[in-house]
Enquirer: 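Quick one: the structure is below, and I'll ask about it shortly.
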Amino acid sequence: MSTPEDRTTEEPREGGTPGAPHEGMTPGVPREGVTRGAPHLGATPSTAQATTAGPQLGSPLRADCATDIDGRITFRLPPFPGAHPRLLLRLRPKKGRSETTRHLLDLDSDRPDGHRHAVLEPHPLLDEGRWDVYLLPEPGAERRRLRPGLRDLRSLVDGHLRDRPAPVAVRIPYVTKDGFLALRAWRRTAHVEARTIDVTDRTMTVTARLHGAELHADATVRLRLRGTDTVRTLRPRTDDDARGFSFTVGPGDLADGGGGAARVWDAFVRPADGAPPIRVGRLLDDVADRKHVYVYPAIERDGSALRPYYTVDNDLAIEVT
């Protein structure tokens with residue numbers, strides 16, 4: 001079932017297919033991180049791609065990367081010739097627009113094994129979007145797109161368990177559709193992380209946690225009909241710490257939302273009366289593209305169907321058909 005999205009930046013996660021198990025069926029859900037027991041980035045890999053001989057001329061150049069809990073990303077490349085090499089991170093422009101935003105990282109070459117390392121520190125924060133990773137072998141040289149090597153993302157898997165201060169910044173290395181290394185970045189003043197979505201034959205219940213702000217007594221969940229000013233307001237059930245909460249939605253809550261074959265409602269939380277609404281999504285783990293990986297069943301009642309899903313930006317929405 002397709003959904004009306006802005007597809008200019010959509011890039012389905014590698015290996016994700018419609019019909020993948022829903023959230024309640026993990027541990028079978030495939031993960032973006034390394035295989036359990038895979039070597040740490042600092043370990044000596046046994047594969048041919050990590051040999052110290054370096055890549056041959058014209059062969060794809062691969063970069064390993066590893067994340068830590070502070071948001072730092074370390075890149076590791078095999079030996080290659082070049083004076084003062086650097087990594088270029090390029091914010092992918094929207095369709096029809098020119099390239100404007102770049103970030104350069106120096107590559108160290110003082111390692112005994114000849115490998116080169118670059119570190120992307122947690123600050124400065126990257127703009128929200130998709131960042132392609134290139135090698136600049138030396139000043140003035142043509143940039144070279146990098147293929148992924150080992151991606152050690154284990155520090156991201158349980159990222160939803162740690163409270164995040166404002167602004168909430170997320171960076172996930174991933175593999176593009178055409179097999180290159182890239183970063184997915186989000187930067188938001190505050191963020192509502194959806195944890196579980198429990199779908200029954202009558203309702204769906206979302207359990208979530210607010211990061212970068214606190215819930216007040218007059219907090220509300222707002223479901224906004226996409227493309228309109230129509231809003232449905234729900235009262236959340238809040239936890240004692242003013243961060244965790246849950247809310248339940250049924251087909252009756254989203255009835256009479258206007259004409260059309262399909263209606264899409266985007267989920268927000270307003271932490272206090274008059275405060276800006278905060279988008280509900282799922283960003284704080286190792287899955288860069290969630291839409292075709294986390295697929296939920298529909299609630300079918302009175303000739304209509306209600307189905308939660310994640311958008312191309314990993315935000316939570318509800319489709320009614």
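Since the structure is predicted, the reported quantities are computational estimates derived from the model, not experimental observations.
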Enquirer: Just verifying a value: how many Å separate Leu284 CG and Arg164 CZ, rounded to the nearest 0.5 Å?
Expert: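 Leu284 atom CG to Arg164 atom CZ measures 4.5 Å (nearest 0.5 Å).
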Enquirer: Return the set of residues passing salt bridge (Lys or Arg N to Asp or Glu O under 4.0 Å) with Arg162 (not counting sequence neighbours), or none when no residue passes.
Expert: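 Testing Arg162 for salt bridge (Lys or Arg N to Asp or Glu O under 4.0 Å), a comparison that skips the adjacent residues, returns Asp158.
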Enquirer: Looking only at side chains, do Thr207 and Ser246 share a donor and an acceptor under 3.5 Å apart?
Expert: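 Ser246 and Thr207 do not have a side-chain donor-acceptor pair below 3.5 Å.
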Enquirer: Taking only residues two or more places apart in sequence, or in another chain, which ones meet Asp253 in a salt bridge (Lys or Arg N to Asp or Glu O under 4.0 Å)?
Expert: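 For Asp253, no residue satisfies salt bridge (Lys or Arg N to Asp or Glu O under 4.0 Å) once neighbours in sequence are set aside.
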Enquirer: Evaluate the side-chain proximity of Thr176 to Arg145: yes if any heavy-atom separation is below 4.5 Å, no if none is.
Expert: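 Answer yes - side chains close enough.
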Enquirer: Take Leu146 and Leu77, measure what side-chain contact (heavy atoms from CB on, under 4.5 Å) needs, and give me the verdict at the end.
Expert: CA-CA 10 Å; Leu146 291 172; Leu77 280 75; 4.1 Å; yes
Enquirer: Check side chain to side chain contact (heavy atoms under 4.5 Å, CB included) between Ser304 and all other residues, then give those that pass, not counting sequence neighbours.
Expert: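 Ser304 satisfies side chain to side chain contact (heavy atoms under 4.5 Å, CB included) with no residue once adjacent residues are dropped.
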Enquirer: Between side-chain atoms of residues 266-279 and protein atoms elsewhere (two or more places apart, or another chain), which donor-acceptor pairs fall under 3.5 Å?
Expert:
from, atom 1, to, atom 2, distance (Å)
Asp266, OD1, Arg226, NH2, 2.7
Asp266, OD1, Arg279, NH2, 2.9
Asp266, OD2, Arg226, NE, 3.1
Arg270, NE, Ala275, O, 2.8
Arg279, NH1, Ala267, O, 2.9
Arg279, NH1, Leu316, O, 2.8

Enquirer: A side-chain contact here means heavy atoms from C-beta on lying under 4.5 Å apart; do Arg222 and Thr233 qualify?
Expert: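 Yes, their side chains come closer than 4.5 Å.
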Enquirer: Could you tell me which residues satisfy side chain to side chain contact (heavy atoms under 4.5 Å, CB included) with Asp68, sequence neighbours excluded, listed by chain and number?
Expert: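 Result, side chain to side chain contact (heavy atoms under 4.5 Å, CB included) vs Asp68: Asp70, Arg72.
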Enquirer: Look at the side-chain heavy atoms of Ile, Leu, Val, Met, Phe, Trp and Tyr, link any pair under 4.5 Å apart, and say whether Val206 and Val231 land in one connected group.
Expert: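 No, no single cluster joins them.
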Enquirer: Output yes when Arg184 and Asp286 qualify as a salt bridge under the 4.0 Å nitrogen-oxygen rule, no when they do not.
Expert: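 Answer for the salt bridge query: no.
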Enquirer: Return the set of residues passing side chain to side chain contact (heavy atoms under 4.5 Å, CB included) with Thr189 (not counting sequence neighbours), or none when no residue passes.
Expert: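 Scan of Thr189 (side chain to side chain contact (heavy atoms under 4.5 Å, CB included), adjacent residues dropped) gives none.
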Enquirer: Got a sec, which residues hit side chain to side chain contact (heavy atoms under 4.5 Å, CB included) with Leu91, two or more places apart in sequence or on another chain?
Expert: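 So Leu91 forms a side chain to side chain contact (heavy atoms under 4.5 Å, CB included) with Thr101, Asp127, Trp131.
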Enquirer: Against the six-membered ring of Tyr134, is Arg90 placed for a cation-pi contact (under 6.0 Å from the centre, within 45° of the normal)?
Expert: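 No - Arg90 does not lie over the ring of Tyr134 by the 6.0 Å and 45° rule.
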Enquirer: Hey, any chance Val133 and Leu136 share a hydrophobic cluster, counting ILVMFWY side chains that come within less than 4.5 Å of each other, even indirectly?
Expert: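 No, because Val133 and Leu136 fall into different hydrophobic clusters, even though each may have its own neighbours under 4.5 Å.
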Enquirer: Just verifying a value: how many Å separate Leu283 CG and Tyr310 OH, rounded to the nearest 0.5 Å?
Expert: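 One gets 9.5 Å once the value is rounded to the nearest 0.5 Å.
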Enquirer: Got a sec, which residues hit side chain to side chain donor-acceptor pair (under 3.5 Å) with Arg102, two or more places apart in sequence or on another chain?
Expert: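 Here the qualifying residues are Glu99.
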Enquirer: Can you tell me how far apart CG (Leu105) and CG (Leu120) are? Round to the nearest 0.5 Å.
Expert: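 These two atoms lie 5.5 Å from each other.
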Enquirer: Taking only residues two or more places apart in sequence, or in another chain, which ones meet Asp241 in a side chain to side chain donor-acceptor pair (under 3.5 Å)?
Expert: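 With neighbours one apart ignored, the set is Arg209.
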Enquirer: In terms of ring plane angle, is the pair Tyr296 and Tyr294 parallel, tilted or perpendicular, where the classes change at 30° and 60°?
Expert: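 Judged by the thresholds at 30° and 60°, the geometry between Tyr296 and Tyr294 is tilted.
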Enquirer: Can you check side-chain hydrogen bond (donor to acceptor under 3.5 Å, both in side chains) on Arg307 and Thr321, steps first, answer last?
Expert: CA-CA 9 Å; Arg307 183 179 67 88; Thr321 57; over 6 Å; no
Enquirer: How would you list, by chain and number, every residue that makes a salt bridge (Lys or Arg N to Asp or Glu O under 4.0 Å) with Glu138, sequence neighbours excluded?
Expert: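 Scan of Glu138 (salt bridge (Lys or Arg N to Asp or Glu O under 4.0 Å), adjacent residues dropped) gives none.
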Enquirer: Does one hydrophobic cluster hold both Val320 and Val221, with members joined at side-chain heavy-atom distances below 4.5 Å?
Expert: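 They do share one cluster, since a chain of ILVMFWY contacts under 4.5 Å joins Val320 to Val221.
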Enquirer: Under the side chain to side chain donor-acceptor pair (under 3.5 Å) test, which residues partner Thr238, sequence neighbours left out?
Expert: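 With sequence neighbours excluded, Thr238 shows a side chain to side chain donor-acceptor pair (under 3.5 Å) to no residue whatsoever.
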Enquirer: Using the salt bridge (Lys or Arg N to Asp or Glu O under 4.0 Å) rule, pick out the option among Arg188, Lys291, Arg290 that qualifies with Asp315.
Expert: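 The single option meeting the salt bridge (Lys or Arg N to Asp or Glu O under 4.0 Å) with Asp315 is Arg188.
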Enquirer: When you compare the side chain of Leu107 with that of Phe75, does any pair of heavy atoms fall below 4.5 Å?
Expert: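 No, their side chains stay 4.5 Å or more apart.
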Enquirer: Could you tell me which residues satisfy side chain to side chain donor-acceptor pair (under 3.5 Å) with Arg147, sequence neighbours excluded, listed by chain and number?
Expert: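 In terms of side chain to side chain donor-acceptor pair (under 3.5 Å), with neighbours along the sequence ignored, Arg147 is linked to no residue.
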